[in-house]
Asks: 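Here it is: the structure, laid out below.
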Protein chains: 2
Amino acid sequence: MEHAAQDESRFSRIQLRNRALILDAALEVFSAHGFRGATLDQIAAASGLSKPNILYYFDGKEDIHVTLLGQLMDRWLAPLREVDPAGEPLEELLHYVHRKLEMSRDYPRESRLFANEILQGAPRIGPHLESDLRPLVDWAAGLIQGWVDAGRLAPVDPMHLIFSIWATTQHYADFEAQIGVLTGADGVPEGADAHLEALFRRLLTP
Amino acid sequence: MEHAAQDESRFSRIQLRNRALILDAALEVFSAHGFRGATLDQIAAASGLSKPNILYYFDGKEDIHVTLLGQLMDRWLAPLREVDPAGEPLEELLHYVHRKLEMSRDYPRESRLFANEILQGAPRIGPHLESDLRPLVDWAAGLIQGWVDAGRLAPVDPMHLIFSIWATTQHYADFEAQIGVLTGADGVPEGADAHLEALFRRLLTP
DNA sequence: CCGGCTTTTGACCATTTGGTCAAGATACGA
DNA sequence: TCGTATCTTGACCAAATGGTCAAAAGCCGG
């Protein structure tokens, strides 16, 4: 009912363009400074629109933030949805790891936006976690447990496995500043793919 | 030279007590809302002191934040310093994992404070990372590489191994809000110790 | 109990910031 | 081309916020 993305036809071309401009600028600013650290003036400057104009398209700072988080949730959970119950368990999970790492490489701002929100106790995305994330994760955990029970994976706690995959992959985006100091690399440093593949292959191989 | 902790004798008893009160309150507030999200009034309320009184003990909001980060850095890096070059490689590293997880359990506020700071690009702790963290990590990486070369550990990229340990352990503190939704647990959920031990034992066993 | 010091505070200030509003500019179908 | 609906903005506002200051209160050795 409230899925904003599905009826984009209700927006004029100008609205579509400017809403996209604003959301992209907001992603930049929110992910770099957090919700309270970001200002409407920064978003205005980054989007090339005036502050009152931004308030014409969104009901306020919070509205922009919530809209962003809602839109991103889909993209964020996509890799987990792609896991194929009919596939080879080990390959499916390693592919998931690979896709998640790819997300850290291609969408670090999105990763940091989520991290910021969760760090502060998920005040604005909490309901989405319950309604979107939880069912999906429960489904995935059940699937993995089934694979374990069938002896197709080494015994592992599905929930903790998922946490470990999230943690290791998102770490490269969320802690990029620290990693940069230690490796000199700018984005995800060389060897991350191979390392994570080895880590989880060894854990999961029966 | 600038180590504030070493000459605590220069502070009166009242100063010692109130500075501690302020720093503890600030840790609470900063870790929950980030630097810009925290206000002096919140810190004042949480510490039981008046706002001007807080400014009597610290030069400003930023001074409190920097002081906090500096103090915490020591505690934060302690587990890595405890790794014994003369010990059994696998046991030493698994013990490090265990100690880091313990930190997430016992000092989640500290973990989130660091995470907040790094997420925003380490604007205030950057120099400390260079001067304190980097040499220590380089030392540890060299140590691990030596163990690998001696065949006492499975081949592994030391830097990525360290990142994975940080990521998986700190995840339980930094993403507690998300984990709470998914597991119902309040702090670090049951089974984290066993899971991480299995994860890294399998990776590192030659 | 005194005098000097440290500590505490109420009142105040300048700036930042999210948000409003009425008027002007622009797009666009008829 | 015209008129209406959409879009844009300069000026403005109230609240929040980091910080100041002079005066009051408390502490403590002599």
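Note on naming: letters A, B, ... go to the chains in the order of the sequence lines (proteins, then strands), and numbering restarts at 1 for each one. Note that this is a predicted model, so its numbers are computed, not measured.
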Asks: Rounded to the Å, how far apart are Asn18(A) CG and dC7(D) C1'?
Replies: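 These atoms are roughly 9 Å apart.
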Asks: Which heavy atom in Leu72(A) sits nearest to a heavy atom in Leu27(A), and how many Å separate them?
Replies: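 The pair with the smallest heavy-atom distance is CD2-CD1, 4.1 Å.
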Asks: Under the side chain to side chain donor-acceptor pair (under 3.5 Å) definition, can you give me all pairs with a residue in residues 177-191 of chain A, not counting sequence neighbours?
Replies: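 Residue pairs passing side chain to side chain donor-acceptor pair (under 3.5 Å), neighbours aside: none found.
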Asks: Using heavy atoms to find the nearest nucleotide of DNA chain D for Gly60(B) and Arg17(A) separately, return the residue whose nucleotide is more 5′.
Replies: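 The 5'-side residue here is Arg17(A).
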Asks: Which heavy-atom pair separates Leu90(B) from Arg201(B) by the least distance, and what is that distance?
Replies: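 Looking at all heavy atoms of both residues, the shortest contact is CD2-NH1, 3.7 Å.
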Asks: dC7(D) C1' sits how many Å from Arg19(A) CZ, rounded?
Replies: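 Arg19(A) atom CZ is separated from dC7(D) atom C1' by 14 Å.
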Asks: Taking everything shown except Asp59(A) itself, do over 12 heavy atoms lie less than 6.0 Å from its CG?
Replies: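 Open: at most 12 neighbouring heavy atoms sit under 6.0 Å from CG of Asp59(A).
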Asks: Looking at Tyr172(A), is Arg105(A) sitting on its ring face, NZ or CZ under 6.0 Å from the six-membered ring centre and within 45 degrees of the normal?
Replies: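 No cation-pi geometry.
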Asks: Judged by atom type as modelled, is there a donor-acceptor pair below 3.5 Å linking the side chain of Arg109(A) to the main-chain atoms of Ser31(A)?
Replies: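 No, Arg109(A) side chain to Ser31(A) backbone: no donor-acceptor pair under 3.5 Å.
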Asks: Return the residues of residues 43-58 of chain B meeting this criterion: a heavy atom under 4.0 Å from some atom of DNA chain C. Order them by number, or give none.
Replies: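 Those residues whose heavy atoms fall under 4.0 Å from DNA chain C, taken from residues 43-58 of chain B in numerical order, are Ser50(B), Pro52(B), Asn53(B), Tyr56(B), Tyr57(B).
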Asks: Could you check how far CZ of Arg13(B) sits from P of dG26(D), rounded to whole Å?
Replies: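 My rounded result for the distance is 18 Å.
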Asks: Taking atom P of dG19(D) as reference, at what distance in whole Å does atom CD1 of Ile22(B) sit?
Replies: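 Result: 13 Å.
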Asks: 5' to 3' on DNA chain C, which nucleotides open and close the contacts with chain B (atom under 4.0 Å from a heavy atom)?
Replies: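 Using the under 4.0 Å cut-off, the span is dT6(C) to dT17(C).
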Asks: Grab the two heavy atoms, one from Leu199(B) and one from Ser164(A), that are nearest each other, plus how far apart they are.
Replies: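 In this case the closest contact between Leu199(B) and Ser164(A) is CD2-OG, 4.0 Å.
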Asks: Out of the candidates Ile162(A), Val83(A), Asp157(A), only one should pair with Ile144(A) under the side-chain contact (heavy atoms from CB on, under 4.5 Å) rule; please name it.
Replies: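 The residue from Ile162(A), Val83(A), Asp157(A) that satisfies side-chain contact (heavy atoms from CB on, under 4.5 Å) with Ile144(A) turns out to be Ile162(A).
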